[in-house]
Amino acid sequence: METDSEPYVRLASLRQLHQAMADMNKARSLADTLQAVADGVVQALNYELACVNLVGPDGDLVVAAFAGNPAAEALITGRSGSRASWDRRLNMGEQWGDLIFIPHTEGWVLDDDDVPQWYTDGPAPRFEDEWHPSDRLFAPMYAPGPQGAGNSGELIGVLSVDRPRNGRRPGAWGREALQMYAFQAAIAISNARLRSNMQRALVRLERDQQALRASEESFRQAFEYAPSGMAIAEMGGDQHGRILRTNDALCRLLGRRASAMRRYAFSDLVHPEDLGTLLRTSAEGGRAELRLGRRDGTYVWVSLRNSVVADAADGPRFLLTHVEDIEERKRRELQLAHRASHDSLTGLPNSAELRSRLAARLCQRPQSSHTAVADAMDAAYGHSAVFDSGGHTFDFSAAAEPYGAFDHHVHAVAPEDGRDDGTKGLAVLFCDLDGFKSINDRFGHNAGDAVLIEVARRLSGGVRDGDTVARLGGDEFVILANGLGRADAEDLAVRLRGEIIQPIRAEGRAVRVGASFGIGWAHCGMTADEVLKSADERMYVEKRSRPKQHRRAG
């Protein structure tokens, strides 16, 4: 390339250009590629100086590589020029194809802008095509666009050259060679950037995978070695609630092997009474307290907390379940509740619990006649319903009690006074011990307590399962017995009195007490206190009707 006017180019020059292009395409990194571009301009295109200005993320151009002058390289490499200043350069001067040539007659206006520059001195030109020290020649580099060549793509950099070695402005061949070289350099830079981005992406991916593996291992250890039970269950679909994985703590708590647990859903293990609570918790996430079945058939109280593990594409998929053993706490709570509702001496339900059970059987909304009851049942069931409660069949179509029907409520009724008409209802037996005060006075309160405990035991043993025996206070007891006729209630009172009058061992001696019973009847429309008062009054009538000397012996 000794002269650009000659019609032929020496083969050595083409070989140099080919080698320069090969070098920049073989570069392993973006930095190596940029330096290969600058070195190729100096070595293959015979310019003394070459500078690669690369477009940065902010749009400004930074001097990324320099060749030909170590002093200039140290001074301006890494410095930036604004995009506005570069746009000004690329829009002025002469268009040599895709090249921009700014002669010294115009370039002086650029001397004071922010683009990094290197000035070289030299003599003034002696003839028209001689290179002036202030001439500027730029080769814009564009990312390959949809049309392939030229400036169809995005600007990625500008290749600046200075001082051709032959001292003359490049001719047709020199311009085409520089333009072709800039085009190939743009491809090499784009490819190097792509490789660099891919390498960074691979590094990030590997880092993310390492973090994911570390997170999975951390979760596995936290799951497996958690001191309380953990499980993962399927959510949604036909297998909703099926247990997929459990830890050792949950297997120990339920006495089941991990392989066996995978055959169950939590709904298979929960206590039947707690199934609704489980289903609500499973559907909504959150927490609940319920009972889970052990392998030996017993149940254990647990606190169950669900977290929904969501999949970004498919929505909720799994339930992460934390199961904590609360058996001891629940036992204490039940003990406290039992103490609040039961007599501490005898263990029987106390006065508050008695009134609560009695009130639960009574409704308080009267209607004008018994036909309202039948009408309500007709509306609900299509006919006048017949219910059986404790052996008592009650036909609402023939009901005589003027009290309204509530959902699934079997009305309490009372036999008529003075005769046994076959009606069976809720009998309330009020029991008061005779002669108890004298035992307290003669033998002390320990003996009195022993008597009360034994009387409570005998009363409880003399009634049916489902009947209630309560201690009202002092030496007064109440029995609630459902489904009894008048004769049945009287027979029960006789039997219980016969049990009570048997000798009782107290403080090493045998003592005896009697008992007076009053029989009242609970029916809807009454309050619990009214029912108890009625039975209490009948008990006093019965007590006064018997001679004092016979009360203890019954």
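Quick note: residue numbers are just sequence positions, from 1. Just the heavy atoms: all of them, side chains too, but no hydrogens, waters or symmetry mates, feed the values below.
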Flag side-chain contact, heavy atom, 4.5 Å: P144 against I187:
yes
From W86 CH2 over to L155 CG, what is the distance, rounded to the nearest 0.5 angstrom?
9.5 Å
Would you name the heavy atoms of I100 and M92 that are closest together and state the gap between them?
CG2-O, 3.4 Å
Quick one, V161 and L45 - any side-chain contact, counting heavy atoms below 4.5 Å?
no
State, with a plain yes or no, whether a side-chain heavy atom of Y225 is found less than 4.5 Å away from one of N247.
no
Note, L358 side chain near L480 side chain (heavy atom, < 4.5 Å)
yes
R357: partners by salt bridge (charged side-chain N to carboxylate O under 4.0 Å, His left out), with sequence neighbours left out:
E353
Minimum heavy-atom distance C251-M261, with the two atoms named:
SG-CG, 4.3 Å
Hey, does the side chain of D162 reach the backbone of S134 with a donor-acceptor pair shorter than 3.5 angstrom?
no
Go through it in stages, so that I can follow the logic: the residues are R169 and D129, the test is salt bridge (charged side-chain N to carboxylate O under 4.0 Å, His left out), and I'd like the CA-CA distance, side-chain angles, deciding distance and then a yes or no.
CA-CA 6 Å; R169 295 178 184 178; D129 65 346; over 6 Å; no
Is the side chain of Q117 donor-acceptor paired with the backbone N or O of L110 at a distance under 3.5 Å, no angle test?
yes
Is any side-chain heavy atom of H322 less than 4.5 Å from a side-chain heavy atom of L320?
no
Is any side-chain heavy atom of L336 closer than 4.5 Å to one of E333?
no
Under the side chain to side chain donor-acceptor pair (under 3.5 Å) rule, what pairs show up with a residue in residues 57-80, not counting sequence neighbours?
none
Pair V52-V63, side chain to side chain contact (heavy atoms under 4.5 Å, CB included): steps then yes or no:
CA-CA 6 Å; V52 179; V63 178; over 6 Å; no
On the six-membered ring of F318, is R245 placed so that its NZ or CZ lies under 6.0 angstrom from the centre and within 45° of the ring axis?
no
Kindly compute the distance separating CG (L137) from CH2 (W131), expressed to the nearest 0.5 Å.
5.0 Å
Does CZ in R213 sit with more than 12 non-hydrogen atoms of other residues, nucleotides or ligands closer than 6.0 Å?
yes
Salt bridge or not for D87 and R83, using N-O below 4.0 Å?
yes
Tell me whether the count of non-hydrogen atoms from other residues, nucleotides or ligands lying under 6.0 Å of CD in E106 goes above 12.
yes
Under 3.5 Å, side chain of N53 to main-chain N/O of L61, donor-acceptor pair present?
no
Side-chain touch F138/I102, heavy atoms, less than 4.5 angstrom
yes
Decide, yes or no, whether a salt bridge links R88 with D113 under the criterion of side-chain N to carboxylate O below 4.0 Å.
no
Which distance, rounded to the nearest 0.5 Å, do you find between the CG of L275 and the CG of D268?
9.5 Å
Report yes if some heavy atom in the side chain of P170 is under 4.5 Å from a heavy atom in the side chain of W96; otherwise report no.
yes
May I ask you to check whether over 12 heavy atoms, not counting those of R165, lie within 6.0 Å of atom CZ?
yes
Between G293 and L254 the two heavy atoms that sit nearest each other are O-CD2, 3.9 Å
Tell me the closest heavy-atom pair linking A528 and A359, and the distance in Å.
CB-N, 4.3 Å
Any side-chain to backbone donor/acceptor pair from D248 onto E224? Under 3.5 Å, distance only.
no
First locate atom CD of E206, then atom CG of D208, and finally report the distance between them rounded to the nearest 0.5 Å.
9.5 Å
Flag, side chain of R136 to backbone of G107, donor-acceptor distance under 3.5 Å
yes
Should T321 and I232 be marked as a side chain to side chain contact (heavy atoms under 4.5 Å, CB included) after you check the CA-CA gap, both sets of side-chain angles, and the distance that decides it?
CA-CA 6 Å; T321 304; I232 298 175; over 6 Å; no
Within the 3.5 Å criterion, strictly below it, is a donor on R89 or S85 matched to an acceptor on the partner's side chain?
no
Step through the shown structure and confirm whether more than 12 heavy atoms of other residues, nucleotides or ligands are within 6.0 Å of CZ on R295.
no
Gap between atom OG1 of T33 and atom CG of N191 - 0.5 Å precision
8.5 Å
Determine whether more than 12 heavy atoms belonging to other residues, nucleotides or ligands lie under 6.0 Å from atom CD of E128.
no
Using modelled atom types only, decide if a donor and an acceptor are shared between the side chain of Y181 and the backbone of V37 within a distance under 3.5 Å.
yes
Closest non-hydrogen contact found for E48 with V42 is O-CG2, 4.1 Å
Hey, does the side chain of D135 reach the backbone of H132 with a donor-acceptor pair shorter than 3.5 angstrom?
yes
Rounded to the nearest 0.5 Å, the CG atom of L319 sits from the OG atom of S307 at a distance of 8.5 Å
Taking all non-hydrogen atoms of both residues into account, name the closest pair between L250 and A231 and its distance.
CD2-CB, 3.8 Å
Taking 4.0 angstrom as the limit, do R329 and E324 come out as a salt bridge?
no
Sub-3.5 Å donor-acceptor pair from the side chain of S190 to the main-chain atoms of A186, do we have one?
yes
Between the side chains of D32 and S29, is a donor N or O closer than 3.5 angstrom to an acceptor N or O?
yes
Side-chain (E327) to main-chain (V300) donor-acceptor, under 3.5 angstrom:
no
